[in-house]
There are 2 protein chains.
Amino acid sequence: MQPLFSFLEAVNDLPDEAKALILAKTRIKHYPKGHLLFREGQVCHYMYFMASGLARIFHCKEDKEVIDWLATAGHPFTAIDSFYSRQPSRYTIEILENSEVYAFLYDDLEELYHQFHAFERIGRLITQEQFLILQERIDMVQFQNAQQRYETFLKRFPNIQNRLQLTHIASYLGISLETLSRIRAKY
Amino acid sequence: MQPLFSFLEAVNDLPDEAKALILAKTRIKHYPKGHLLFREGQVCHYMYFMASGLARIFHCKEDKEVIDWLATAGHPFTAIDSFYSRQPSRYTIEILENSEVYAFLYDDLEELYHQFHAFERIGRLITQEQFLILQERIDMVQFQNAQQRYETFLKRFPNIQNRLQLTHIASYLGISLETLSRIRAKY
DNA sequence: CGCCGAGTTGAACTGAATCAAGAAACGTGG
DNA sequence: CCACGTTTCTTGATTCAGTTCAACTCGGCG
């Protein structure tokens with residue numbers, strides 16, 4: 001549980017009672033590489049936290065898979081279009097490496113938000129950070145060419161290149177597999 | 001103040017004391033078309049709310065202006081990269097029509113967040129909604145061609161076409177002025 | 001050894017940018 | 001109310017980054 005608490009308390013302090021409730025509500029699971037944590041079309045009932053490992057969140061766009069988000073160790077993730085809206089999701093979540101994942105039921109998270117102002121505050125601040133990450137991503141997709149996107153990617157995920165196959169990197173960057181291959185050919 | 005309270009209470013109820021404090025902290029201003037509400041390079045100290053009118057939030061990318069956000073009546077806006085981080089902003093905010101704007105000082109907003117759990121909750125939920133709007137925008141920029149983007153734009157801002165010049169629409173859509181003109185030529 | 005998925009390389013194609021020039025709309029001053 | 005200049009918008013020709021399609025290479029594994 002260390003990684004979760006250090007993630008949360010880097011944002012804002014939490015009272016001990018809140019930590020105790022978080023502890024009581026956490027569901028710790030291990031998933032093997034290739035496992036589908038969540039499938040499109042369903043309502044996602046969990047907010048996840050990646051304790052260790054790697055996952056991809058993708059959706060299908062005209063028979064192609066498009067990766068929207070990479071879940072790396074120490075960060076939260078979910079099917080964001082579904083979890084809060086309680087509507088069916090377009091996303092699928094696939095575990096890419098044997099991973100340790102914490103899961104929090106929607107109702108439990110709501111209880112935490114409700115009971116602890118400090119937790120609600122952390123929720124707001126985390127969402128704000130993720131908003132800024134998305135803003136950067138828009139900038140990338142809208143104005144950077146293929147080469148620049150790859151460089152941005154390497155900076156943002158320095159230790160991930162050899163853990164992801166080219167298809168996935170290309171999909172995350174919004175460029176074709178061939179273009180990415182050509183870019184890497186010139187180091 | 002009607003539009004602000006109805007915006008906030010559509011998200012979550014607020015206790016009367018919170019409303020009273022909001023009222024006390026609101027700074028109501030009127031700005032003429034063309035007024036620069038905020039300039040890049042400074043720290044933005046205000047969260048704004050557009051009571052009526054229109055504004056654009058843009059930044060400069062290699063001597064060109066890129067519109068990131070349109071502030072329409074009934075919605076909040078600010079230099080989002082600066083307001084919460086307290087760092088200098090890349091954005092400039094220009095009033096596009098004579099507008100009525102409410103402004104909230106950073107410290108006042110923090111006080112509201114701090115004093116009222118309900119307000120903190122509203123802040124979180126609004127941020128979440130804006131996150132989803134950005135996610136849609138990524139989808140637009142990454143996968144829609146020029147024509148589809150224009151159609152998306154018309155759907156999202158149905159009453160705005162004739163209030164914005166083509167240059168601004170093109171900039172918001174991330175396409176060139178000429179391409180947009182050609183698209184409109186075929187109705 | 002041969003198959004299969006992943007990655008590379010080549011050639012042709014394309015949507016949209018850019019460059020360029022002209023038309024329309026707009027507003028300001030005489 | 002018109003003349004002129006400026007800004008906004010349209011239209012055409014050219015160019016380019018990246019996609020698509022296709023063939024080939026490489027490495028691992030039954």
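Just so it is clear, the model here is predicted, and its values are computed rather than measured. We use all heavy atoms of the structure for the numbers below, so side chains are in, but hydrogens, waters and symmetry mates are not.
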Quick one: pull up CZ in B:F153 and CG in B:L164 and give me the separation to the nearest 0.5 Å. 5.5 Å
Regarding the side chain of B:A185, the nearest nucleotide among C:dG7, D:dT11, D:dG18 is D:dT11
Neighbours of DNA chain D within residues 168-180 of chain A, by heavy-atom distance under 4.0 Å: A:G174, A:I175, A:S176, A:E178, A:T179
Find the distance A:Q147:CD to D:dC16:C1' and express it as a whole number of Å. 16 Å
Single hit among B:H168, B:H59, B:R56 for side chain to side chain donor-acceptor pair (under 3.5 Å) with B:E65: B:R56
Let me know the distance between CD1 of A:I183 and C1' of C:dG7, rounded to the nearest Å. 14 Å
Given atom CZ of A:F143 and atom C1' of C:dA16, what is their separation to the nearest angstrom? 14 Å
Please give, in whole Å, the distance from D:dC26 C1' to A:R184 CZ? 14 Å
Divergence of helical axes at both termini of the helix from C:dC1-D:dG30 to C:dG30-D:dC1 - five pairs an end, 10° steps: 30°
Integer-rounded Å distance: C:dA6 P and A:L96 CG: 12 Å
Picking from C:dG7, C:dT9, C:dA16, the nucleotide nearest the side-chain atoms of B:A146 would be C:dA16
A:E136 and A:R156 ion-paired at < 4.0 Å: no
Can you find a donor-acceptor N/O pair under 3.5 angstrom joining the side chain of B:R182 to the base of C:dT18? yes
Less than 4.0 angstrom from a charged side-chain N to a carboxylate O is my criterion; do B:E97 and B:K33 meet it? no
For atom NZ of A:K186 and atom P of C:dT9, their distance in whole Å: 12 Å
Check the angle between the aromatic planes of A:Y106 and A:F83 and answer parallel, tilted or perpendicular using the 30° and 60° thresholds. perpendicular
Taking CD from B:E62 and P from C:dA17, how many angstroms apart are they, rounded to a whole number? 15 Å
Would A:L134 and A:V11 show up in the same hydrophobic cluster when neighbours are defined by side-chain heavy atoms closer than 4.5 Å? yes
Tell me whether the OP1 or OP2 atom of C:dA6 has a side-chain N or O from A:T167 closer than 4.0 Å. no
May I ask you to establish whether B:R27 and B:Y102 are in a cation-pi arrangement, using a distance under 6.0 Å from NZ or CZ to the six-membered ring centre and at most 45° from the ring axis? no
Please report the distance, rounded to the nearest Å, between CD in B:Q144 and C1' in C:dA16. 16 Å
From the options D:dG18, D:dT10, D:dT20, select the nucleotide whose nearest atom is closest to the side chain of A:N145. D:dG18
Run the ring-centre check on B:F49 versus B:F7 and record whether the distance is less than 6.0 Å. yes
Does B:R137 qualify as a cation-pi partner of B:Y172, given the criterion of NZ or CZ under 6.0 Å from the six-membered ring centre and within 45 degrees of its axis? yes
